Amino acid sequence: MGSLTHLDEHGHPKMVNVGFKSPTDREAIACGWIILPDKVYDTITEGSIPKGDVLKVAELAGIMAAKRTWEMIPLCHNIRLDHVEVKCELDEKRRGIKVTSKVLAREVTGVEMEALTAVTVALLTIYDMCKGIDKGMYFNDVHLIEKSGGKSGHYLSEDAKGAESD
């Protein structure tokens, strides 16, 4: 494991200097789940949530959040994103919603935080829109699936590796 790049030699926080780096293609994919009580799941599938289309609003919230990650995470850089995609998919077997994000940029630093932020804010949006029905929802398994580009190269999560071998 490498050193902590966001701390100086005295343990004070610092923003990493990326000014000398050349832009490269960066990609990150993240996902997470919200598990729903039956009443919430059924109301979403019926399309009768009073606040509107939960899945579409959550997707939009995730896209907006990715674009503003640098404002929420103290040491993230303000970067230009080329593409952000957020998808919310109902899963009847798990009685939940899987949220997946994909972020692309030609930049000097990675986009993992933007992908993870998109998923997290989309999940929070689902909770917010449905909490009036039942507050018994919970999040799980928010994680980075894959990333490419930059000095650290390609990363593929263990669950994604297992899916490839199926």
Side-chain angles (χ1 to χ4, degrees), residues 1-36 51 54-89 94 96-131 135 137-165:
M1 178 171 280
S3 64
L4 297 175
T5 59
H6 289 77
L7 299 176
D8 69 14
E9 63 275 3
H10 304 291
H12 297 282
K14 68 174 184 174
M15 189 172 194
V16 174
N17 181 1
V18 296
F20 63 91
K21 295 171 74 176
S22 297
T24 61
D25 292 333
R26 312 291 181 126
E27 178 178 348
I29 301 169
C31 75
W33 284 84
I34 184 167
I35 305 304
L36 309 169
K51 293 184 177 183
V54 173
L55 303 182
K56 299 294 186 272
V57 173
E59 290 170 352
L60 182 57
I63 292 167
M64 292 172 65
K67 294 166 46 175
R68 301 190 74 151
T69 298
W70 65 279
E71 293 177 334
M72 295 180 273
I73 309 297
L75 301 176
C76 280
H77 291 85
N78 179 6
I79 60 175
R80 185 185 62 80
L81 302 178
D82 295 326
H83 176 76
V84 178
E85 181 180 310
V86 178
K87 291 222 174 16
C88 296
E89 301 171 272
R94 287 185 71 173
I97 301 169
K98 181 180 183 181
V99 178
T100 306
S101 70
K102 180 178 184 177
V103 178
L104 304 170
R106 181 158 185 78
E107 264 296 347
V108 296
T109 189
V111 292
E112 299 95 282
M113 294 308 299
E114 288 74 9
L116 288 162
T117 299
V119 166
T120 303
V121 170
L123 291 168
L124 289 167
T125 300
I126 294 165
Y127 184 94
D128 181 55
M129 291 184 72
C130 299
K131 68 185 182 213
K135 292 172 182 53
M137 299 166 273
Y138 63 93
F139 309 126
N140 67 28
D141 204 21
V142 175
H143 68 286
L144 182 67
I145 296 173
E146 186 172 8
K147 75 99 161 156
S148 61
K151 184 172 71 172
S152 65
H154 186 252
Y155 166 82
L156 187 62
S157 67
E158 290 301 316
D159 62 316
K161 288 176 189 174
E164 283 185 348
S165 65

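Atom set for the values below is all heavy atoms of this structure, side chains included, hydrogens, waters and symmetry mates excluded. Please read these numbers as outputs of a predicted model, since none were measured by experiment.
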Chemist: From Tyr138 OH over to Tyr127 OH, what is the distance, rounded to the nearest 0.5 angstrom?
Modeler: 13.5 Å
Chemist: Evaluate the side-chain contact (heavy atoms from CB on, under 4.5 Å) criterion for residues Val84 and Glu114: first the C-alpha distance (whole Å), next the side-chain angles of each, then the deciding distance (0.1 Å), finally the verdict.
Modeler: CA-CA 9 Å; Val84 178; Glu114 288 74 9; over 6 Å; no
Chemist: Side-chain donor-acceptor pairs under 3.5 Å in residues 97-112, sequence neighbours left out?
Modeler:
unit_1	atom_1	unit_2	atom_2	d
Ser101	OG	Ala115	O	2.7
Arg106	NH1	Asp25	OD1	3.0
Glu107	OE2	Arg80	N	3.1

Chemist: At what distance, to the nearest 0.5 angstrom, does CE of Met137 lie from CH2 of Trp33?
Modeler: 16.0 Å
Chemist: Looking at CG of Leu7 and NZ of Lys14, how far apart are the two atoms once the value is rounded to the nearest 0.5 Å?
Modeler: 8.5 Å
Chemist: Is a side-chain N or O of His77 found less than 3.5 angstrom from the main chain of Val16, in a donor-acceptor match?
Modeler: yes
Chemist: Of all the heavy-atom pairs spanning Ala160 and Ile145, show the shortest one and how long it is.
Modeler: CB-CG2, 3.8 Å
Chemist: Give, for atom CG of Asp141 and atom CD1 of Ile34, the distance between the pair rounded to the nearest 0.5 Å.
Modeler: 13.5 Å
Chemist: Nearest 0.5 angstrom please: His6 NE2 to Met15 CE, how far?
Modeler: 7.5 Å
Chemist: For Lys87, what residues pass the salt bridge (charged side-chain N to carboxylate O under 4.0 Å, His left out) criterion, not counting sequence neighbours?
Modeler: Glu85
Chemist: Using residues 61-71 as the side-chain source, report each donor-acceptor pair under 3.5 Å to any protein atom, sequence neighbours left out, with the distance given to one decimal.
Modeler:
unit_1	atom_1	unit_2	atom_2	d
Arg68	NE	Glu71	OE1	2.5
Arg68	NH2	Glu71	OE1	2.8
Arg68	NH2	Glu71	OE2	3.3
Thr69	OG1	Ala65	O	3.2
Thr69	OG1	Ala66	O	3.1
Trp70	NE1	Asn78	OD1	3.4

Chemist: List the residues meeting side-chain hydrogen bond (donor to acceptor under 3.5 Å, both in side chains) with Glu9, not counting sequence neighbours, and say none if there are none.
Modeler: none
Chemist: With the side chain counted from C-beta on, respond yes when Leu36 and Cys130 share a heavy-atom pair under 4.5 Å apart, and no when they do not.
Modeler: no
Chemist: If I compare all heavy atoms of Leu116 with all of Leu144, which pair ends up nearest, and what's the gap?
Modeler: CD2-N, 3.8 Å
Chemist: Please list, chain by chain and in numerical order, all residues satisfying side chain to side chain contact (heavy atoms under 4.5 Å, CB included) with Val57, sequence neighbours excluded.
Modeler: Thr125, Met129
Chemist: Restricting to side chain to side chain contact (heavy atoms under 4.5 Å, CB included), what partner residues turn up for Thr24, sequence neighbours left out?
Modeler: Arg26
Chemist: Checking His154 now: which residues fulfil side-chain hydrogen bond (donor to acceptor under 3.5 Å, both in side chains) with it, not counting sequence neighbours?
Modeler: Glu146
Chemist: I'd like to check the salt bridge (charged side-chain N to carboxylate O under 4.0 Å, His left out) partners of Lys131; sequence neighbours left out, ordered by chain and number.
Modeler: Asp128
Chemist: About how many Å separate CD1 of Ile126 and CG of Leu55, when rounded to the nearest 0.5 Å?
Modeler: 6.5 Å
Chemist: With sequence neighbours excluded, tell me which residues meet side chain to side chain contact (heavy atoms under 4.5 Å, CB included) with Lys56.
Modeler: Asp53, Glu59
